[in-house]
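All values reported here derive from a predicted model rather than from experimental measurement. In what follows, every heavy atom counts, from backbone to side chain, and hydrogens, waters and symmetry copies are set aside.
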Amino acid sequence: MCDAIHHRGPDSDGYFVANGIAMGIRRLSIIDVAGGRQPISNEDGTVTVVFNGEIYNHHALRRELEASGHRFATRSDTEVLVHLYEEFGTGMARHLQGMFAFSIWDSRNQRLFIARDRTGMKPLSYTDRSGGIVFCSELRSLYAFDRSTLKVAAGAVMEYLAFGYVPDPSSIFEDVKKLPPGHFLVWSPGREVAVHRYWSPPHPEAAVRNEQELVEELRHKLEAAVVSHLESEVPLGAFLSGGLDSSTVVALMCRHASGRVKTFSIGFAEEEYDESAAARAVAAHFGTEHTDLVVRPDVEQIFESIATMFDEPFADPSAIATFRVAQLARQSVTVALSGDGGDELFGGYTRYGDTLRRAGGRRGVASRLVAALGLMLPHAFLGRNWLVDLGRSRVGRYASTVVQPVRVDEGGVASAIHPLGRVAVDEQLNRYFSSELGEDFAAAMMRVDLETYLPGDILTKVDRTSMAVSLEARVPLLDYELVDFALRIPGSLRVTSGETKRLFRRAIQGIVPDFVLSCPKKGFAVPLARWFRGPLRHRIKALRTPSAAMAPYINRHAVERLVSEHSVGRRDHSTVLWRLIVLEYWLAAFRDGRLGRPPIVPSCASTMPAAIGTWSSGR
């Protein structure tokens, strides 16, 4: 099981085996490189931990624990966990600031305690097996444990087609679950697994605070978050796209890091997808040691690598760009800071403003009739989608921006033999939307994204692509105190129908250059439509005759319609077509037993670089 995740920790391995328990660890050495080998136990060996991640407040916790009489044998943040457990038991997770997934074995009480960080930066999956429990960072460790028991869950495939990922707590396999962010798990022999929530995202405060005071406090918390993420005994750098979030992180790093900050960016040869010029401008402004790479990738090779890099189907095509920048950074550093999380906290996605402009209230009889009329029209009818949208409630309109249709009658591709798939998708949505119908709908949209899209897509993408090359990616904008502060701010101060990141922009004035503030938002996109007309054309055509692995899950006629409409340019179905070709390849790889091994990482040479530069510029 450890060999299957060697890429997550190539520096060393460690094992703890006792009566009824076995835990293994692969270590990427960052803090206390010499003395922090895992597993780590308390003084008498009754509490033992294995841990993936970083605890950013471990120095303060260590001082408190030493004052209470605990004695430490290492300088590592890992050892803090065992003594914190001795002090607070299962309540310990509330005291942690960091990204983490860890397991603690308490031999006195014969109890296994597992916890995951608040926003889901680090992964953890588990399954009940014959009265026991098996847990892991990546599902490929379960393949190594016992692949014969793993069966693809039809409902999870439907969720994947809707979201582009399999959302927590589901996994692609039956009887395998992900531990959701902000939760912990307790198990003892002879007892069932008990999952508890220790943190929930707060709601906006009713009392409106002075906006200038909020701006000043946000500046302070941004700086404190970045500073706390700089501790490392190995080389450290940052991903830089030139956008608001990554530029803010780099700017604050330059204020506090020792030595010149190393920054990394990639772009594509297609000009409309190339952000490298913006990144270079920011790097020049702050005088970073910047490396950028403009690539013309071998699309077929990198598609296959990315499709199997994730331990379940995952269809965010920007994973290609994220992997390439991680691969580039790993040539120089072991830790890289990322700007992820700012959009969900401060209202950076354009879909927030779009949804607010489209208004809409609670869905009444008239709106349901309009939607029903739209659904009765042929898919090729140009006004069909407009009528369907007109009949949606505001929640429905927001949901339509983050979820693809599943049922064929809605324009989806799911097979009718899996009706429960739609139920699974609805249940995922209702878990969040049913409680998010307050007056502050802008805040509600961001909170839902924080609990779904952020851990399911963004953080999964960052974790898997960085760990594939043994790089630790840190996300300072998701520091617990910053998250808690941001979510208490009314949504109208964070995003409006005409302005994204309203408060955030005010807070970073004077921190980042003005040209960053004036640049329109660009996603970390890839030239997908162009690839579908070129190197991936054969995979689109192959969807007309799906493999035996995918055929049970899709409606062949619906897929043929999408392929035809896309091929002649009538409609752009790039998003759902990408999901389908990823699913087809992933299911075949699982069937053939190719997913139990560490991910295949293509070399940088295979990118056929158009330009690469490493340079430093003075301030």
Side-chain angles (χ1 to χ4, degrees), residues 222 226 229 236-254 261-295 297 316-330 332-333 335-350 453-454 457-459 461-463 465-466 471 473-478 500-501 504-505 508 511-528 607 609-615 617:
L222 283 169
V226 171
H229 284 61
L236 177 147
F239 300 150
L240 178 61
S241 69
L244 292 177
D245 298 329
S246 66
S247 297
T248 299
V249 170
V250 168
L252 295 173
M253 287 178 70
C254 289
V261 172
K262 297 178 184 290
T263 54
F264 306 90
S265 67
I266 68 108
F268 291 95
E270 293 82 358
E271 185 177 349
E272 63 269 35
Y273 296 94
D274 184 17
E275 294 185 297
S276 57
R280 281 195 294 271
V282 174
H285 179 87
F286 291 112
T288 70
E289 183 179 332
H290 186 65
T291 304
D292 64 13
L293 175 67
V294 178
V295 298
D316 186 341
S318 67
I320 295 173
T322 308
F323 166 69
R324 282 306 188 200
V325 75
Q327 189 178 41
L328 181 66
R330 188 62 177 93
S332 304
V333 300
V335 178
L337 271 61
S338 148
D340 293 293
D343 290 325
E344 291 82 4
L345 289 180
F346 299 106
Y349 293 125
T350 55
Y453 181 65
L454 180 68
D457 187 304
I458 301 299
L459 296 177
K461 173 181 65 179
V462 172
D463 176 80
T465 56
S466 60
L471 176 78
R474 296 180 180 175
V475 192
L477 296 185
L478 292 179
T500 60
K501 289 188 175 173
F504 187 82
R505 289 175 185 275
I508 63 175
I511 295 177
V512 302
D514 290 343
F515 65 81
V516 173
L517 292 168
S518 61
C519 282
K521 180 175 179 58
K522 288 179 68 176
F524 211 3
V526 297
L528 203 56
T607 62
I612 183 168
T614 304
W615 44 275
S617 55

Enquirer: So, using side chain to side chain donor-acceptor pair (under 3.5 Å) as the criterion, who are the partners of Ser247 when residues are at least two apart?
Expert: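 Expected list: none.
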Enquirer: Restricting to side chain to side chain contact (heavy atoms under 4.5 Å, CB included), what partner residues turn up for Ser246, sequence neighbours left out?
Expert: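 Partners of Ser246 under the side chain to side chain contact (heavy atoms under 4.5 Å, CB included) test: Leu240, Ser241.
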Enquirer: Mind listing the closest non-hydrogen atom pair of Met253 and Leu337 along with its distance?
Expert: SD-CD2, 3.8 Å
Enquirer: Take His285 and Val282 through the side chain to side chain contact (heavy atoms under 4.5 Å, CB included) test and state the conclusion after the steps.
Expert: CA-CA 5 Å; His285 179 87; Val282 174; 5.5 Å; no
Enquirer: Looking only at heavy atoms, what is the nearest atom pair of Val333 and Gly237, with distance?
Expert: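 Smallest interatomic distance, heavy atoms only, reads CG1-N, 3.9 Å.
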Enquirer: For Phe264, what residues pass the ring pair (Phe, Tyr, Trp, His ring centres under 6.0 Å) criterion, not counting sequence neighbours?
Expert: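 Residues passing ring pair (Phe, Tyr, Trp, His ring centres under 6.0 Å) with Phe264: none at all.
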Enquirer: Start with the C-alpha distance between Leu454 and Leu478, add both sets of side-chain angles, then the distance that settles side chain to side chain contact (heavy atoms under 4.5 Å, CB included), and finish with yes or no.
Expert: CA-CA 10 Å; Leu454 180 68; Leu478 292 179; 3.9 Å; yes
Enquirer: So, taking the atom named CD1 in Ile266 and the one named OG1 in Thr291, what distance separates them when rounded to the nearest 0.5 Å?
Expert: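 Here the interatomic distance stands at 13.0 Å.
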Enquirer: Do the side-chain N and O atoms of Arg324 and Gln327 include a donor-acceptor pair separated by under 3.5 angstrom?
Expert: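 There is such a pair between these side chains.
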Enquirer: Considering all heavy atoms of both residues, which atom of Thr288 and which atom of Val261 are nearest to each other, and what is their separation?
Expert: CB-O, 3.2 Å
Enquirer: As an exercise, state the distance from CG of Leu328 to CZ of Phe323, rounded to the nearest 0.5 Å.
Expert: 11.0 Å
Enquirer: Please report the interatomic distance OG(Ser332) to CG(Leu236), rounded to the nearest 0.5 Å.
Expert: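 These two atoms lie 12.0 Å from each other.
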Enquirer: What heavy-atom pair brings Ala326 and Ser466 nearest, and what distance separates the two atoms?
Expert: CB-CA, 4.0 Å
Enquirer: When rounded to the nearest 0.5 angstrom, what distance separates CG in Leu345 from CG in Asp245?
Expert: 9.0 Å
Enquirer: Apply ring pair (Phe, Tyr, Trp, His ring centres under 6.0 Å) to Phe346 and list each qualifying residue two or more places apart in sequence or on a separate chain.
Expert: Phe504
Enquirer: Please answer whether the main-chain N or O of Thr500 pairs with a side-chain N or O of Arg505 as donor and acceptor at a distance below 3.5 Å.
Expert: yes
Enquirer: Got a sec, which residues hit side chain to side chain contact (heavy atoms under 4.5 Å, CB included) with Val462, two or more places apart in sequence or on another chain?
Expert: Asp340, Ala473
Enquirer: Start with the C-alpha gap between Ile508 and Val516, add the side-chain angles, then the distance that decides, and say whether side chain to side chain contact (heavy atoms under 4.5 Å, CB included) holds.
Expert: CA-CA 10 Å; Ile508 63 175; Val516 173; 5.8 Å; no
Enquirer: Decide yes or no on side chain to side chain contact (heavy atoms under 4.5 Å, CB included) for His229 and Val249, but give the supporting numbers first.
Expert: CA-CA 10 Å; His229 284 61; Val249 170; over 6 Å; no
Enquirer: What's the shortest heavy-atom distance between Leu471 and Ala336, and which atoms?
Expert: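 Leu471 and Ala336 have their closest heavy atoms at CD2-CB, 4.1 Å.
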Enquirer: Testing the basics here: between Leu477 and Gly339, what is the closest heavy-atom pair and its distance to 0.1 Å?
Expert: CD1-O, 3.4 Å
